[in-house]
Amino acid sequence: MSQLKMYWLKGTPIADYELPEGYSMVNYKECTEDKAAWVECCKNGLVGDDTAPEFFDDCVADVDDCIPEKDVFFLDFDGEHIGTIAAIYHPEGNYGQVHMVGIKTEFRGKGLGKYLNNVAVKKLNAQGVDYIYLTTDEWRMGAVKSYLTAGFIPVEYEEDEDMKGRWEWMLCELGVDSVDMVYEDCSFCRKLEKAPVVKVGVVGVGRGRTMINHCDHVKGAKTVAICDNYDILLDKAKKDYADRDITFYDNYEDFLNHDMDVVVLANFATEHAPFAVKALEKGFHVLSEVLPVLTMKEAVELIEAVERTGKKYFYAENYCYMGAPKKMKELYEEGELGEFEYGEGEYMHNCEDIWHNITFGDPDHWRNTMHACYYCTHSIGPLIHITGLKPVKVTGFELPFNARMARMGAKAGPVGIEMITLENGAILKSIHGVGPSRNSVWYSIYGSKGRMECAREDPCESGHVNKLYVNVDEYEGQNINEPEERSTGDCFSRLAAPSGHGGSDWYVMHNVVETVRGRENMDVIDVYEAMDMFLPGMFAYRSVLQGGIPLDIPDLRNPEEREKWRNDTECTVAKAAGDMLVPGYSKGNPDIPAETYEGIKKKFEEEWAKKIAENK
C-alpha cells in the first residue's frame with residue numbers, strides 16, 4: 001500500500017510560533033553524536049530500535065540535493081536533541097521535501113511537531129519553492145494532524161489505492177470536517193469531507209466486547225445497541241458501558257427495531273445464520289463471527305437472503321488478518337509464490353483451562369456437542385483467503401476421543417483433519433481442535449516458485465503468526481534456496497496492535513466499517529467465501545461418518561446446486577437437525593457423567609461471583 005502524500009502550496013499562510021521556554025532550534029552538525037541523536041529521535045516507527053547512527057547517511061545525507069548541515073534541524077530541550085526534521089530544496093522542479101520528522105517518545109503528545117513543521121516550511125518558502133511535499137502513514141495520526149495544521153493538504157495519486165477513501169477515514173478519526181485535495185500537479189481535485197459515523201449493534205456481549213471496544217477507540221464507528229439474553233453478561237455490560245449512549249436489549253426482535261447500520265453477531269456459533277437472515281431482512285448489513293452456518297439448509301437460506309436483500313454479509317474470520325497470512329496473501333497476489341500447489345493450516349487450541357468460562361457447565365452447549373471438524377475456519381480460512389481458490393473435494397479424519405475431552409465434557413474427537421482439493425488441483429491440509437495437548441497456530445504455503453510460512457508458536461519462535469519466512473525464486477526453476485524473514489507490518493499495524501488476536505480483530509472491524517461507508521475493494525470476506533472456508537469442515541465430518549471416503553464440496557454460488565441441499569438439516573444439534581441428527585463423535589456420543597458438568601458449572605459460577613465482587 002502506498003503512503004499518503006501531502007502538499008504545502010506556495011501562498012499558503014505561515015504561522016509564527018514562539019518556542020516554549022527551554023526549547024531551541026539548531027542545525028545538524030556532521031558528527032557521530034548528532035547522527036546518534038537523530039536515530040533516537042526517529043525511533044517511534046521511523047527506524048528500528050537497533051538502528052546504527054550510520055543509517056543517517058543512507059536515509060538523509062544521500063537523498064538527492066540534501067545538504068545535512070543546512071537542511072536537517074533539531075528541536076532541543078535544555079540542550080538535548082529531542083526532535084528532528086529535514087527540509088530539502090530540489091532546484092530541478094523548484095519544490096521542497098519534508099523528510100523524517102521524529103520526536104522522542106517522552107516528548108510526544110506535547111504539540112511540538114508544529115515547531116518542527118514551521119521551521120521547515122519557513123526555510124523552504126524562503127527558497128522560493130512552488131510547493132513542498134511529504135509522505136506519511138495512517139498510523140502517524142498525530143503527525144498528520146500537525147501537517148494539516150501547518151497548511152499541508154492531501155494529494156490524489158495512485159488512484160487504484162482509493163486515496164479519497166483513505167483520507168476521508170483519516171479526517172473522521174482526526175475530527176477534521178473538510179479539507180481540499182489536489183492532484184500531483186497541484187491543481188484542485190476535490191473537497192474532502194470526513195466520513196460519516198457507522199452505527200453498530202452487537203449481539204452477544206462476551207465475544208462482542210472486542211467489537212464494542214473497537215468502536216470505543218475509533219471515531220468512525222459507534223456502538224448504539226447491545227443485545228444479550230444472558231443476565232449476568234448483560235448486567236455487567238450495562239455497568240461497564242454506563243457512560244455510553246447505548247441501548248441494551250435482552251430480546252433480539254426488539255433489538256432489530258433499533259436505528260443501526262450494521263449488526264455484529266457474536267452470539268452462539270450455531271445461531272449465527274438464522275440471526276443473520278433476520279437482520280438482513282430488516283435492512284441491516286451483518287458481520288458474523290465464526291462460524292457462518294450450522295446446516296446446509298441454513299447455508300442456502302443465508303446466501304439467498306444476502307442476494308435477495310442486497311445487504312452485505314461479512315464473515316469475521318480474523319485469522320486471515322494476522323500478520324503472516326495477511327502478508328502471504330499480498331505476496332501471492334503479486335506473483336511471488338507462482339502457481340499455488342500446496343498449503344497447511346493449523347489451529348490447535350487446548351481449551352481445557354477456559355472450557356468452564358465458554359460452556360458454563362451446560363452439557364448441551366454447542367461447544368460440547370460440535371463434531372471435531374466443525375470449528376474449522378481458523379485453519380482453512382486463511383489458506384482460502386490467500387489463494388482465492390475454491391475447494392472442490394475433501395476427505396475427513398478425527399482423532400480418538402480422549403481423557404481431556406472427557407474432563408471438559410466435550411462429546412467429540414479432540415482434533416479434526418481435512419485434506420482438501422482445490423479447483424486448480426492443489427491440496428490443503430487443515431488440522432484443528434479444542435482438545436490437543438499443546439497449542440499451535442501455523443500456516444505454510446508452497447507454489448511453483450517456492451515456499452512461505454509463519455513461525456511456530458513456541459517461545460523460541462517469538463512473534464509466531466506475525467513472523468513470516470519467505471523462500472522463493474525469481475522465476476520457476478531457479479532453485480536458489482535463499483530464505484529470508486519478511487516484515488508483516490503495514491500502515492495500520494501500530495493502530496491494530498492493541499486489539500485482540502495479534503491485531504487481526506482491528507482489521508476485521510476497520511474493513512467492515514469502511515465497506516459499509518461505501519468504500520470498494522476493502523479486504524472483506526463475503527458469504528460465498530465464508531462457505532468456501534466452512535463447507536470443507538462440514539463435509540469432512542460427513543466423510544468421517546462414511547468411513548473416510550472423499551466427498552464433493554458443493555458450490556452454493558450455483559442456484560441449481562442449492563436445490564440438492566435446501567432441506568438438509570444434518571448436524572449435531574437436535575433442535576436444528578430433526579430426524580437428520582448425527583452424533584458429535586463418529587463412534588457414538590461418549591457417556592459423560594452429570595457430575596462432570598456440575599463441577600464445571602460450579603467452577604464457572606464461583607469465578608464469576610469473584611469477578612463481580614471485585615468490580616463492585
Side-chain angles (χ1 to χ4, degrees), residues 207-208 210-211 214 264-266 269 272 287-292 314-333 343-351 354 358 367 370 373-389 391 415-418 420 428-434 436 438-445 452-457 461 463-469 488-490 492-493 496-512 522-527 529-537 540:
R207 170 60 177 152
T210 296
M211 293 73 174
H214 177 91
V264 174
L265 296 177
H272 287 161
L287 170 61
S288 173
E289 258 294 346
V290 298
L291 297 143
F314 309 98
Y315 186 53
E317 184 36 79
N318 51 347
Y319 281 56
C320 296
Y321 306 99
M322 291 183 171
K326 181 162 59 66
K327 189 66 174 181
M328 286 178 180
K329 175 179 170 63
E330 176 187 328
L331 297 177
Y332 174 74
E333 290 177 346
E344 294 190 28
E346 295 183 9
Y347 173 71
M348 302 287 272
H349 190 183
N350 182 345
C351 291
I354 64 170
I358 58 177
R367 287 186 171 94
M370 69 176 179
C373 297
Y374 181 64
Y375 205 87
C376 64
T377 68
H378 287 339
S379 54
I380 299 173
L383 301 174
I384 294 294
H385 198 57
I386 289 166
T387 65
L389 296 170
V415 171
I417 301 170
E418 297 87 28
I420 304 162
L428 303 181
K429 176 185 143 184
S430 157
I431 179 169
H432 57 93
V434 298
R438 291 293 183 271
N439 296 339
S440 176
V441 176
W442 179 75
Y443 305 97
S444 178
I445 55 175
M452 302 177 188
E453 64 182 26
C454 68
R456 286 289 185 175
E457 188 158 344
E461 294 278 18
H464 64 286
V465 79
N466 282 321
K467 179 176 283 190
L468 177 64
Y469 301 111
T488 60
D490 63 21
F492 293 117
S493 297
S499 73
H501 296 94
S504 62
D505 290 337
W506 187 93
Y507 287 93
V508 171
M509 283 295 291
H510 173 73
N511 293 343
V512 166
M522 299 301 294
D523 187 11
V524 294
I525 300 167
D526 66 16
V527 69
E529 188 178 6
M531 297 307 159
D532 289 341
M533 295 176 175
F534 174 71
L535 294 185

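All heavy atoms count here, side chains included; hydrogens, waters and symmetry mates do not. For this chain, numbers begin at 1 and follow the sequence in order.
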Exercise. Got a salt bridge between Glu333 and Lys329, using NZ or NE/NH1/NH2 to carboxylate O under 4.0 Å?
Worked result: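 Result for this pair is yes, salt bridge flagged.
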
For this session: Salt-bridge test for Lys326 and Asp490: reply yes if a basic N is under 4.0 Å from a carboxylate O, no otherwise.
Result: yes

For this session: With sequence neighbours excluded, tell me which residues meet salt bridge (charged side-chain N to carboxylate O under 4.0 Å, His left out) with Glu418.
Result: none

To the closest 0.5 Å, what do you measure between [atom1] ([X]) and [atom2] ([Y])?
X: Leu428; Y: Ile386; atom1: CG; atom2: CD1; value: 9.5 Å
X: Cys351; Y: Arg367; atom1: SG; atom2: CZ; value: 7.5 Å
X: Asn511; Y: Leu287; atom1: CG; atom2: CG; value: 10.5 Å
X: Met348; Y: Asn439; atom1: CE; atom2: CG; value: 9.0 Å
X: Glu529; Y: Ile384; atom1: CD; atom2: CD1; value: 8.0 Å
X: Ser379; Y: Tyr319; atom1: OG; atom2: OH; value: 10.5 Å

Do [X] side-chain atoms and [Y] backbone N/O form a donor-acceptor pair below 3.5 Å?
X: Tyr321; Y: Asp523; result: yes
X: Asn466; Y: Gly323; result: yes
X: His432; Y: Tyr375; result: yes
X: Glu457; Y: His464; result: no

Exercise. Taking the six-membered ring for Trp, are Phe492 and Trp506 parallel (under 30°), tilted (30 to 60°) or perpendicular (over 60°)?
Worked result: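 Judged by the thresholds at 30° and 60°, the geometry between Phe492 and Trp506 is tilted.
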
Exercise. Is there a side-chain contact between Tyr507 and Met322 (heavy atoms, below 4.5 Å)?
Worked result: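 No, every pair of side-chain atoms sits at 4.5 Å or beyond.
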
Exercise. Is there a side-chain contact between Tyr443 and Glu453, using heavy atoms and a 4.5 Å cut-off?
Worked result: no

Exercise. Looking at residues at least two apart in the chain, or sitting in another chain, which of them share a side chain to side chain donor-acceptor pair (under 3.5 Å) with Thr488?
Worked result: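 Counting only residues at least two positions away or on another chain, Thr488 forms no side chain to side chain donor-acceptor pair (under 3.5 Å).
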
For this session: Output all residues satisfying ring pair (Phe, Tyr, Trp, His ring centres under 6.0 Å) with His272, sequence neighbours left out; order by chain, then residue number.
Result: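 By the ring pair (Phe, Tyr, Trp, His ring centres under 6.0 Å) rule, His272 matches no residue at all.
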
Problem set entry | side chain to side chain contact (heavy atoms under 4.5 Å, CB included) between Asp526 and Phe314, intermediate numbers included | CA-CA 5 Å; Asp526 66 16; Phe314 309 98; over 6 Å; no

